[in-house]
There are 2 protein chains.
Amino acid sequence: MKRPTLEVVAARAGVSKSSVSRVINGETTVAPQIRDVVMRAVRELGYVPNGAARNLVTRRTDTLALVISDPPQGVVSDDPLFSAVVRAVSRELEAAGKRLVLMLAESDQSRTRVEQYVAGGHVDGVLLVALHGTDPLPAALARQGLPLVSFNRTSAQDVPYVALDNTGGAALAVCHLLERGRRRIATITGPLELHEARERLDGYRRTLRDTGRRSIVALGDFTRVSGAEAMRQLLEDDPDLDAVFAANDLMAIGALRTLRQAGRRVPEDVAVVGFDDIEAASYTTPALTSVRSPMANQATAAVHLLLGLINGGPTDPVIMPNELVVREST
Amino acid sequence: MKRPTLEVVAARAGVSKSSVSRVINGETTVAPQIRDVVMRAVRELGYVPNGAARNLVTRRTDTLALVISDPPQGVVSDDPLFSAVVRAVSRELEAAGKRLVLMLAESDQSRTRVEQYVAGGHVDGVLLVALHGTDPLPAALARQGLPLVSFNRTSAQDVPYVALDNTGGAALAVCHLLERGRRRIATITGPLELHEARERLDGYRRTLRDTGRRSIVALGDFTRVSGAEAMRQLLEDDPDLDAVFAANDLMAIGALRTLRQAGRRVPEDVAVVGFDDIEAASYTTPALTSVRSPMANQATAAVHLLLGLINGGPTDPVIMPNELVVREST
DNA sequence: CCGCCGAAGGCAAACGCTTGCGATAAACTG
DNA sequence: CAGTTTATCGCAAGCGTTTGCCTTCGGCGG
């Protein structure tokens, strides 16, 4: 059951290991005649080069790590985001001929394991999703000196990133509500220790302030139940509100339920806008208007940035614009 | 920026490479005093063993591949299943100190890439999700002689697997409907080239036959729209039906929408049962009764089976039981 | 016809680690 | 106290590739 090595291929082809290696790696300095005999031997023996040996000498692995640093109940655990990102990254790396190792860092212990792994030279670069503002991992990985791209602005300096335009997206949502003639626009925020949630809140606040209106804020944590709860709170605080901007779709869905229970019609009495445009946003009744987060595009862009970095390319951050998808809820 | 090697650690500690290696690998045949001095050197230098070199000699990689063989629009693309499986596998491997490389095989080209990769000795074993009955990958991977576990029965012989009890789950659903007094129970199937879909249909048919009732079948493809469409078909074929068993939740959700549009009340006029119990099943109105597929447990079991195989354990298949979650739609 | 140049293939030295085996010294045994 | 067994450690041989450099050989120019 032993796999053949370069040596036996060389023997079979009647040439040296060097030549076989050169053929395998597509070098041009080898005579077509030798190339053919080598290829034949390779095929006959079913030879596949040993990865470890190759990595050892070339110091490349053609493998990138996707690290998702988030507590088990965190934001990225949110299914739609998780699979959109993972799948897009996987596809893009596949297309580039690279491999993906996926690491969920859900505890400090696993975070140090990630560091060790990266330090062990197993990967050529790291793609990092670390939404929490105080996460130590970005800085730790940056220190390793390996190419690194983050999925958002990090507290660590000089980490190239690809981020959504959260502020702009929130502004988009609020402007839309204003155009629809809404006067009292509330918001349900995400957990404010996340950059993402902060920025969405900022966008909401700034837009309202610019038009001389006041903010009505309830805190959520990006879960559906927190959205429902926050909505109850808002109705209590300000029964006359006529619109809600939720910082993500799950909370918007929760809010919809609360509104229905409270007998408010959507959108007649209260308009609702979500954020992310997850699949489920189009299932709800009424279907949810939402700011589309181009997660897949973001992931693709992040992979490209990283691959560029590995080849000595530029480190300029990328900001992804997002667009509003108008449905029945506004 | 060069990382230190065993050699420099040994020099610093004033011992041989062997001793350092033994300390690193936690062998017991090393004197505590030496152990300490080595550990200190390791810490001071920030030494981390090089993975490639280690793999090369030990022939282990502590890395397992999760291969998802499915066309881009396939079943597993279904977000909830995808992320549940990926996340559970990742957690379990993390706990076992192993690494996960994720490979989506969405084309024949990428399927051969998977084979090459596995043959290249990059992984110690493979976890395979290949639902399509005609997928050649199970057999191809089995031929490699590496430990392999599939997420369902495969056409390839002798591949250990961990499968859901699809037949039993469907029976559970139908029995429940019968107990609720339903007489005309229809079903919406998944794409029948999938084992999964076949088995669920079998379970439905067998249960009805055993109680002397006839089957009412419409074909779907596991997508929400196909569910809606199939439901329309069913209403046309048999306007008097009083219950529907959908082979997955997405189709059940589609069916709910069609029923509402058709003015049928759920569950008063028509009861609906789904399969999988995805997150969204509890969001719908009315909330969906569903057969819970313990995907996470299944994934965990698969990982354990694989790890066992690697250590020479048994290859007995595992069948996961599932339970019915009763909600408002029945 | 001779010398030189370039192309192409082979040799052998790494790459960084593990591990069987022998060496050494300490600890026993009788 | 001599003969042995034990506990530790070091030596060096790989593991399977890649690659710098040297060798060889055919071809070309002078």
query = Under 4.5 Å between any side-chain heavy atoms of Thr63(A) and Leu100(A), yes or no?
reply = no

message = Any side-chain N or O of Lys2(B) below 4.0 angstrom from OP1/OP2 of dC15(C)?
response = no

task = Measure the distance from CG on Leu56(A) to C1' on dC17(C) and round it to the nearest whole Å.
result = 8 Å

ask   = Could Arg87(B) and Phe82(A) be counted as a cation-pi pair, given that NZ or CZ must be under 6.0 Å from the ring centre and within 45° of the axis?
value = yes

message = A side-chain contact here means heavy atoms from C-beta on lying under 4.5 Å apart; do Tyr161(A) and Leu305(A) qualify?
response = no

ask   = Which of residues 34-48 of chain B sit near DNA chain D, with a heavy atom under 4.0 Å from it?
value = Ile34(B)

query = When you check the phosphate oxygens OP1 and OP2 of dG16(D), does a side-chain N or O of Arg54(A) lie under 4.0 Å from one of them?
reply = no

note = Note: Phe151(A) and Ala299(A) closest approach over all heavy atoms is CZ-CA, 3.6 Å

ask   = Do any of residues 57-65 of chain B sit with a heavy atom less than 4.0 Å from DNA chain D, and if so which?
value = Val57(B), Arg59(B)

request  = Decide yes or no, distance alone: a donor-acceptor N/O pair under 3.5 angstrom between the base of dG20(C) and the side-chain of Arg22(B).
outcome  = yes

task = Please report, rounded to the nearest Å, how far the P atom of dG16(D) is from the NE2 atom of His122(B).
result = 14 Å

ask   = Does Thr29(A) make a side-chain N or O approach to OP1 or OP2 of dG9(C) shorter than 4.0 Å?
value = no

message = To check you understand the geometry: which heavy-atom pair defines the closest contact between His132(A) and Leu194(A), and what is its length?
response = CA-CD2, 3.6 Å

request  = Measure from the side-chain heavy atoms of Ser16(A) and tell me the nearest of dC9(D), dA8(C), dG10(C).
outcome  = dG10(C)

message = Heavy atoms only, 4.0 Å cut-off, all strands: where does Ser21(B) land among base, sugar-phosphate and nothing?
response = base

request  = Would you sort out whether Asp70(B) and Val129(B) count as a side chain to side chain contact (heavy atoms under 4.5 Å, CB included), showing the intermediate values?
outcome  = CA-CA 8 Å; Asp70(B) 202 33; Val129(B) 181; over 6 Å; no

Donor-acceptor side-chain pairing of Arg111(B) and Ser69(B) below 3.5 angstrom = yes

remark   = Assert: residue with more 5' nearest nucleotide on DNA chain D, out of Ala53(B) and Ser19(B), is Ser19(B)

task = Go through the steps to decide whether Ser21(B) and Ser18(B) satisfy the test side-chain hydrogen bond (donor to acceptor under 3.5 Å, both in side chains), and finish with yes or no.
result = CA-CA 5 Å; Ser21(B) 173; Ser18(B) 325; over 6 Å; no

query = To the nearest Å, how far apart are Lys17(A) NZ and dA14(C) C1'?
reply = 11 Å

request  = Whole angstrom is fine here: how far is it from CZ in Arg3(A) over to C1' in dG16(D)?
outcome  = 14 Å

request  = To the nearest Å, give me how far apart CG (Asn55(A)) and C1' (dC15(D)) are.
outcome  = 13 Å

inquiry  = Looking at Arg143(A) and Glu115(A), is there a salt bridge between them, counting it only when a charged N and a carboxylate O are closer than 4.0 Å?
reply    = no

query = Checking all strands, does Ser18(A) fall into the base, sugar-phosphate, or nothing category for heavy-atom contacts under 4.0 angstrom?
reply = base

Gap between atoms CD and P, on Gln33(A) and dA7(C) respectively (whole Å) = 18 Å

inquiry  = Does Thr5(B) contact dC17(C) through a side-chain donor or acceptor facing the base, at a distance under 3.5 Å?
reply    = no

request  = Check the distance between dC17(C)'s P and Glu27(B)'s CD and give it to me in whole angstrom.
outcome  = 15 Å

ask   = 5'-most contact on DNA chain C: Ala31(A) or Pro49(B), nearest heavy atom basis?
value = Ala31(A)

request  = Nearest whole angstrom, please: distance from the P of dT19(D) to the CG of Leu6(A).
outcome  = 12 Å

key: Worked verdict on Thr61(B) versus Asp124(B) for side-chain hydrogen bond (donor to acceptor under 3.5 Å, both in side chains)   = CA-CA 6 Å; Thr61(B) 61; Asp124(B) 296 341; 3.0 Å; yes

Short side-chain N/O contact from Asn25(A) to OP1 or OP2 of dT18(D), under 4.0 Å = yes

